[in-house]
Amino acid sequence: MSDTAQKNSYLHEKVEAKWREIWHDKSLNTLDMETVRKPFYNLMMFPYPSAEGLHVGNMYAFTGTDIYGRYKRMQGYDVFEPIGLDGFGIHSENYALKVGTHPLEQAKRSEENFYRQLHMIGCMYDWKRTVQTYDPDYYRWTQWLFVQMFRHGLAYRSKAEVNWCPADKTVLADEQVIDGKCERCGNLVEKKALEQWFFRITAYAGKLLENISSLKWSEKVLIAQRNWIGKKEGINITYPVVDEKGKRIGEITCFTTRPDTNFGATFVVLAPEHPFISQIQAVIKKDQAAVVGRYVEKTKKASHEDRIARGRKKTGVATGLYCVNQLTGYKMPLYVTDFVVMEFGTGAVVGVPGHDMRDFEFAEVMKIPVQRVVVGADGDTSPITKPEQVQEDEGKMINSGFLDGIDIKRSIGLMMDHLEKKGWGKRVTMYHLRDWLISRQRYWGPPIPMIHCVLCEKNGKGERHDMPGWYAVLEKDLPVELPNIKDYKPGDDGIAPLAKHKEFYETICPGCGSKAVRETDVSDTFLDSSWYFLRYPSVNSKTADTQPFDPKITKNWLPVTMYTGGAEHSVLHLMYSRFVWMCLRDWGYFDFSAKGGPASGWEEPFPEFYAHGLVIKDGAKMSKSKGNVVNPDEYIKLYGTDALRMYLMFMGPFSDGGDFRDSAMEGMSRWVGRIWRMATISLEPGTHSKDSDKCIKAIHKLVKKVGEDTESRHYNTALAAMMEFTNLVADENGTLSPELLKTFLLVLAPYAPHLTEELWSRLKAADSRREASGQLWSIHQQAWPGYDKHYLVEDTVTVVIQVNGKLRDSMQIDIESVSSQEKVEAKARLSEKVQKFLGESKIRKVIFVRGKVINFVI
RNA sequence: GGCGUGGUGGCGGAAUGGUAGACGCGCAGGUCUCAAAAACCUGUGAAGAUAACACUUCGUGAGAGUUCGAGUCUCUCCCACGCCACCA
């Protein structure tokens with residue numbers, strides 16, 4: 001390489017490393033959290049450190065968030081951009097198991113590698129305030145949160161049928177079961193009855209739903225949250241249960257949203273898990289009880305998957321008992337069936353086979369009579385014998401006593417009134433949302449900070465009267481540290497690894513002082529991440545050792561100004577965080593009164609959330625099982641961080657993600673080289689650039705365009721505009737004056753932080769007149785440039801000439817004449833092409849759009 | 001089955017109802033070079049037409065509609081993807 005070439009080529013590796021070091025040494029991105037005036041909390045979802053290290057999907061998300069943060073900083077905000085590691089949990093533990101390294105050891109390795117990479121990608125992270133969920137300093141407060149939940153009655157224990165993954169040997173939350181398979185490993189999930197800790201998130205279902213309308217989130221995510229909460233207004237109808245002779249046995253309550261069709265109810269079905277079944281086993285005939293028992297057993301063994309896979313082919317068994325439909329006096333046979341799930345409603349469903357497809361299918365199998373009570377738009381009033389006749393959505397009532405002739409939608413309310421008046425039913429609101437299952441029979445998580453005392457339980461004593469024998473670990477004794485044990489592998493018996501360690505679980509009862517045992521389950525990873533955003537601003541604060549988050553700092557910095565992350569967390573993480581926030585608020589841990597009412601967002605942790613797109617590779621989401629994970633390291637080495645950042649952002653709008661193909665990287669790398677050459681030549685002592693009018697106009701336009709596009713995260717078009725600008729410069733002088741170069745570097749700075757910092761320092765060195773800028777030495781401390789509207793106006797405007805809406809010609813119009821239809825029309829008529837198309841025809845109408853179009857309609 | 005998102009050149013993608021394909025990749029040709037790489041320059045939706053330019057027609061998943069004018073708005077259909085799902 002010649003001297004000139006050496007001088008003119010951009011040595012990205014050297015330059016980028018140099019500035020990273022300087023930024024770090026000078027703590028450029030660390031704020032004084034207590035004194036800032038315009039706080040802007042720019043939060044991105046923290047990664048869980050998988051072992052391959054950071055992949056370009058992570059980098060994509062972080063870069064897109066960082067560009068926004070850098071832009072906001074240049075607009076004068078005090079931007080706090082933290083990063084950390086969500087390193088506890090099944091995902092990290094499974095990897096440790098796979099490679100045979102102890103999770104504690106593996107966490108250290110992953111942390112080192114991850115932070116190395118996170119340094120490389122050039123984001124403005126505050127490296128003095130990181131959070132690792134597996135640090136005792138952090139999970140001490142996760143445990144504290146659990147204790148608060150317990151004290152406020154929101155944590156409880158329940159023996160429940162839980163999702164059990166036989167491969168991961170752990171309990172899974174409903175949300176972690178996908179198509180009956182384990183979210184992590186893909187194995188079929190089984191049902192298992194275990195004592196588990198739950199958080200009563202359903203207590204907040206109404207509030208969680210209500211607040212959704214106040215959130216500035218993408219519509220897609222809001223809909224997902226609404227669906228997940230799944231509010232349903234309905235009625236619980238209680239039916240007397242009788243045997244064949246009419247003797248009363250008990251009662252069954254069914255939830256329904258469609259009581260209007262109740263005159264047509266001809267059977268009742270129970271979920272196999274329904275508690276009523278064990279009650280009646282002794283009452284009903286022996287042979288029938290045996291049949292029911294076998295059916296229940298069979299269902300229990302079947303996985304969730306099997307239960308659905310059997311599809312819509314209905315099965316079930318009769319109990320020999322009847323529910324009395326008090327509207328009609330009809331004795332509805334009572335069945336047990338697996339198409340009814342215990343988790344929703346009351347686990348018992350009243351069957352209206354004429355107007356519900358599942359009920360119809362069941363009635364067909366069981367040969368139950370079908371009664372028509374709705375006439376649809378087709379006017380068919382004949383008996384319902386075919387599935388096509390099952391009208392579910394619309395129509396008028398028939399064969400329904402006082403409802404006859406009334407539209408079904410109105411009938412719902414009328415029937416509810418009637419049932420309530422008679423005392424047969426009660427209106428209820430049901431939610432699809434279930435309580436949050438917190439316990440994990442695993443090793444790699446924060447031990448649940450609870451103590452159980454058998455003696456106290458016997459005596460009915462405990463911290464909470466409804467949970468005798470249970471005590472929370474005293475706050476001064478937190479954290480309950482996760483011990484370093486060798487046998488950390490989960491057992492296949494559902495017993496947690498810590499349950500095999502006496503030295504861990506043997507303790508003293510805080511109530512009576514006798515021997516007691518600690519809880520040996522650990523908590524769900526989603527608990528770790530449900531409050532991390534509260535910790536970040538308070539890391540290293542004066543109160544960091546005595547409080548989970550500093551009240552003063554929290555008041556100033558929360559709620560999070562802008563939250564950015566993947567839409568895949570639409571329901572889980574975002575819902576749990578909202579719940580935890582609401583709890584802390586209700587317990588009095590926040591004071592945002594100065595920030596105004598609910599409309600200003602203080603009822604919510606993330607008033608604004610931006611869902612970025614996903615990077616895919618070869619048409620599929622990056623995952624290690626597909627083997628298409630791309631590590632950014634090699635690309636950073638080859639092309640530099642800035643080129644990779646910009647390449648990722650150039651793939652498409654930030655909301656869309658994109659397909660990673662390394663071939664297109666070359667183009668971005670070339671452009672970086674062109675910028676470098678343009679800038680360094682411009683700064684050479686002998687160069688005295690005078691900018692052309694075109695360039696001056698273009699830079700003003702560029703400032704406007706890049707500002708708008710950055711604000712809306714259309715980074716791809718912002719970059720395209722900058723490329724157009726450099727193309728224009730190349731067509732003109734090929735160089736820029738220091739003034740214009742400065743402006744160009746400023747708008748490029750959020751995108752290419754290293755390159756622009758280097759050129760900025762050279763620009764300052766070259767321009768001796770500029771006074772030393774003291775504290776504001778970095779380009780990233782500068783203000784976003786302004787633009788002059790005066791320069792945005794063109795001297796001439798291209799106006800298109802159309803004939804009957806078809807493009808025929810175009811012309812240049814002076815800016816003075818552009819508003820005059822008369823002048824524009826006159827000029828347009830002179831066009832030969834237009835004359836050709838106009839011919840002898842009579843012009844019926846002329847459409848004139850200022851500065852755009854003149855259209856002759858003939 | 002429900003909810004949602006999207007279909008534009010060879011590819012990624014641009015287009016307040018007003019010049020479709022900006023910008024980039026790829027490809028082709030050229031400059032430089034003994035040669036190559038790199039870099040730079042020119043061209044690049046399809047078809048027709050021309051010595052060459054000019055030019056003409058078609059073209060945003062399919063079909064209809066609204067409009068002077070539709071990638072953009074409305075309806076019907078097809079396809080792809082994402083999430084949820086025997087939720088009563």
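These values consider heavy atoms only, across backbone and side chains, with no hydrogens, waters or symmetry-generated copies. Labels below follow one simple rule: chain letters A, B, ... track the order of the sequence lines, proteins then strands, and each chain is numbered from 1.
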**Q** Between the side chains of A:Arg645 and A:Thr63, is a donor N or O closer than 3.5 angstrom to an acceptor N or O?
**A**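 Distance-only check fails for A:Arg645 and A:Thr63.
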**Q** Does A:Arg808 have a side-chain nitrogen or oxygen under 4.0 Å from the phosphate oxygens OP1 or OP2 of B:C68?
**A**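 It does not, given that no N or O in the side chain of A:Arg808 lies less than 4.0 Å from OP1 or OP2 of B:C68.
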**Q** Say we look at B:U8 and B:U56: how far apart would their P atoms be, to the nearest angstrom?
**A**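 Here B:U8 and B:U56 have their P atoms 28 Å from each other.
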**Q** Taking the minimum atom-to-atom distance to the side chain of A:Val853, which one of B:C23, B:C3, B:G18 wins?
**A**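 Out of B:C23, B:C3, B:G18, the nucleotide with an atom closest to A:Val853's side chain is B:G18.
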**Q** Using a 4.0 Å heavy-atom cut-off, does A:Val857 contact any base of the nucleic acid, only the sugar-phosphate backbone, or nothing at all?
**A**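 Sugar-phosphate, no base atom in range.
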**Q** Let's see if you can work this out: which of B:A20, B:G24, B:A88 has an atom nearest to the side-chain heavy atoms of A:Met723?
**A**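 Nearest to the side-chain atoms of A:Met723, counting from C-beta on, is B:G24.
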**Q** What's the closest nucleotide to the A:Pro653 side chain, out of B:C23, B:U19, B:A14?
**A**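 Out of B:C23, B:U19, B:A14, the nucleotide with an atom closest to A:Pro653's side chain is B:A14.
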**Q** Please report the distance separating the P of B:C78 from the corresponding atom of B:G63, rounded so that it comes out in whole Å.
**A**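 Looking at atom P only, B:C78 and B:G63 are 15 Å apart.
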**Q** A:Lys852 near the nucleic acid: base, sugar-phosphate alone, or nothing, with a heavy-atom cut-off under 4.0 Å?
**A**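 Base contact.
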**Q** Quick one: does A:Arg434 reach the base of B:C87 with a side-chain donor-acceptor pair under 3.5 Å?
**A**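 Pair found.
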**Q** What's the gap between B:U72 and B:A20 when it is taken at their P atoms, as a whole Å value?
**A**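 Looking at atom P only, B:U72 and B:A20 are 14 Å apart.
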**Q** So what does A:Asp359 touch, heavy atoms closer than 4.0 Å: a base, only the sugar-phosphate, or nothing?
**A**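 Touches nothing.
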**Q** Considering just the side-chain nitrogens and oxygens of A:Asn716, establish if one lies under 4.0 Å of OP1 or OP2 belonging to B:A14.
**A**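 Checking B:A14 against A:Asn716, a side-chain N or O does come within under 4.0 Å of OP1 or OP2.
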**Q** Check if the side chain of A:Gln802 and the base of B:G18 share a donor-acceptor pair of N or O atoms closer than 3.5 Å.
**A**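 Result: at least one qualifying N/O pair found.
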**Q** From CE of A:Met665 over to C1' of B:C11, roughly how many Å is that when rounded to an integer?
**A**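 Nearest whole value for this atom pair: 17 Å.
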**Q** Examine the side chains of A:Ser810 and A:Thr798 and answer whether a donor and an acceptor come within less than 3.5 Å of each other.
**A**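 Absent: no donor and acceptor within the cut-off.
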**Q** Can you tell me the distance, in whole Å, between the NZ atom of A:Lys232 and the C1' atom of B:A85?
**A**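 So the two atoms are 10 Å apart, to the nearest Å.
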**Q** Please tabulate, one pair per line, each protein N/O and nucleotide N/O from nucleotides 5-10 of chain B that are separated by under 3.5 Å, including the distance.
**A**
none

**Q** In terms of side-chain heavy atoms of A:Arg670, which of B:A85, B:C68, B:G26 is nearest?
**A**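 Closest nucleotide to the A:Arg670 side chain: B:G26.
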**Q** C1' atom, B:C73 versus B:U60: distance in rounded Å?
**A**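 Each nucleotide's C1' atom is 16 Å from the other's.
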**Q** Relative to each other, are the rings of A:Phe362 and A:Tyr335 parallel, tilted or perpendicular (30° and 60° limits)?
**A**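 Judged by the thresholds at 30° and 60°, the geometry between A:Phe362 and A:Tyr335 is perpendicular.
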**Q** Expressed in angstrom and rounded to an integer, what is the separation of A:Phe650 atom CZ from B:A22 atom P?
**A**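 Computing the A:Phe650:CZ to B:A22:P distance gives 11 Å.
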**Q** Looking for any heavy atom pair under 4.0 Å, which part of the strands does A:Arg844 touch: base, sugar-phosphate only, or nothing?
**A**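 Nothing, no heavy atom under 4.0 Å.
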**Q** Go through the steps for A:Asp338 and A:Lys298 under the test side chain to side chain contact (heavy atoms under 4.5 Å, CB included), then give the verdict.
**A** CA-CA 10 Å; A:Asp338 63 1; A:Lys298 212 176 96 194; over 6 Å; no
**Q** Taking for each residue the nucleotide of RNA chain B bearing the nearest heavy atom, is the 5' side occupied by A:Ala224 or by A:Asn727?
**A**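 It is A:Asn727, whose closest nucleotide lies nearer the 5' terminus.
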**Q** Distance check needed: B:A38 C1' versus A:Arg674 CZ, whole Å only.
**A**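 It works out to 13 Å between those atoms.
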**Q** For the residue pair A:Thr726 / A:Trp671, report whether a side-chain donor-acceptor contact shorter than 3.5 Å exists.
**A**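 Per modelled atom types, A:Trp671 and A:Thr726 side chains form a pair under 3.5 Å.
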**Q** Evaluate the ring planes of A:Tyr60 and A:Phe654, with Trp represented by its six-membered ring, and classify them as parallel (under 30°), tilted (30 to 60°) or perpendicular (over 60°).
**A**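 The arrangement is tilted - the two ring planes meet at 30° to 60°.
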**Q** Is the base of B:G9 syn or anti, where syn means the angle lies within 90° of 0?
**A**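 Syn.
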**Q** B:G12 P sits how many Å from A:Phe660 CZ, rounded?
**A**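 Going from A:Phe660 (CZ) to B:G12 (P), I get 16 Å.
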**Q** Looking only at the side chains, is there a donor atom on one of A:Tyr295 and A:Thr315 sitting less than 3.5 Å from an acceptor on the other?
**A**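 A pair is found: one side chain offers a donor N or O, the other an acceptor, under 3.5 Å apart.
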**Q** Could you tell me the separation between the CZ atom of A:Arg358 and the P atom of B:G2, rounded to a whole number of Å?
**A**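 Rounding to the nearest Å, CZ of A:Arg358 and P of B:G2 are 13 Å apart.
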**Q** Can you tell me how far C1' in B:A70 sits from the matching atom in B:U16, rounded to whole Å?
**A**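 To the nearest whole Å, 15 Å.
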**Q** Could you verify whether a donor N or O on one side chain and an acceptor N or O on the other, from A:Tyr639 and A:Glu666, lie under 3.5 Å apart?
**A**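 Result is yes, a qualifying pair exists.
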**Q** Does A:Lys705 put a side-chain nitrogen or oxygen below 4.0 Å from OP1 or OP2 of B:A22?
**A**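 So the side-chain polar atoms of A:Lys705 never come under 4.0 Å of the phosphate oxygens OP1 or OP2 of B:A22.
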**Q** What is the nucleic acid contact for A:Thr257, judged by heavy atoms within less than 4.0 Å: base, sugar-phosphate only, or nothing?
**A**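 Touches sugar-phosphate only.
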**Q** Students often get this wrong, so: under 4.0 angstrom with heavy atoms, is A:Gly230 touching a base, only sugar-phosphate, or nothing?
**A**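 Counting heavy atoms under 4.0 Å across all strands, no contact is made by A:Gly230.
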**Q** With rounding to whole Å, what would you report as the distance between B:C25 and B:U44 at their C1' atoms?
**A**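 Result for the C1' pair: 13 Å, nearest Å.
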**Q** When Watson-Crick pairs (N1 to N3 and N6-O4 or O6-N4) and G-U wobble pairs (N1-O2 and O6-N3) count only below 3.5 Å on both distances, what is the dot-bracket string of RNA chain B, with | for other-strand pairs?
**A** (((((((..(((.....[....)))((((((.......))))))((((......))))..(((((..]....))))))))))))....
**Q** Starting at CD of A:Glu392 and ending at P of B:G2, how long is that distance when rounded to a whole Å?
**A**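 Roughly 10 Å, once rounded to whole Å.
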**Q** So, does A:Asn236 use its side chain to make a donor-acceptor pair with the main chain of A:Val428 at under 3.5 Å?
**A**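 Side chain of A:Asn236 to backbone of A:Val428, a donor-acceptor pair under 3.5 Å: no, none is there.
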**Q** Looking at A:Glu233 and A:Lys231, is there a salt bridge between them, counting it only when a charged N and a carboxylate O are closer than 4.0 Å?
**A**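 Answer for the salt bridge query: yes.
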**Q** When the C1' atoms of B:U66 and B:C11 are compared, how many Å lie between them, rounded to an integer?
**A**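 It works out to 35 Å between them.
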**Q** Map A:Asn227 and A:Phe856 onto RNA chain B by nearest heavy atom, then report which one ends up closer to the 5' terminus.
**A**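 The answer here is A:Asn227.
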**Q** Looking only at the side chain of A:Arg677 (C-beta and beyond, no hydrogens), which of the listed nucleotides B:A88, B:A15, B:C40 gets closest?
**A**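 The listed nucleotide nearest to A:Arg677's side chain is B:C40.
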**Q** Looking at A:Phe339, does the NZ or CZ of A:Lys314 lie under 6.0 angstrom from its six-membered ring centre and within 45 degrees of the ring axis?
**A**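 Yes.
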**Q** Taking NZ from A:Lys701 and C1' from B:A22, how many angstroms apart are they, rounded to a whole number?
**A**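 Whole-Å distance recorded here is 13 Å.
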**Q** Contact class for A:Ile223 (heavy atom, under 4.0 Å): base, sugar-phosphate, or nothing?
**A**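 Sugar-phosphate only.
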**Q** Is the A:Tyr647 ring parallel, tilted or perpendicular to the A:Phe660 ring (thresholds 30°, 60°)?
**A**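 Plane angle over 60°, so perpendicular.
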**Q** In Å and rounded to the nearest 0.5 Å, what is the CE to CG distance from A:Met649 to A:Asn716?
**A**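 It comes to 10.0 Å.
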**Q** Is there a side-chain polar atom (N or O) of A:Arg226 under 4.0 Å from OP1 or OP2 of B:G4?
**A**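 For A:Arg226, the contact criterion (side-chain N or O under 4.0 Å from OP1 or OP2 of B:G4) is not met.
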**Q** Taking atom C1' in both B:G21 and B:U74, what distance in whole Å separates the two?
**A**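 Approximately 26 Å lies between the C1' atom of B:G21 and that of B:U74.
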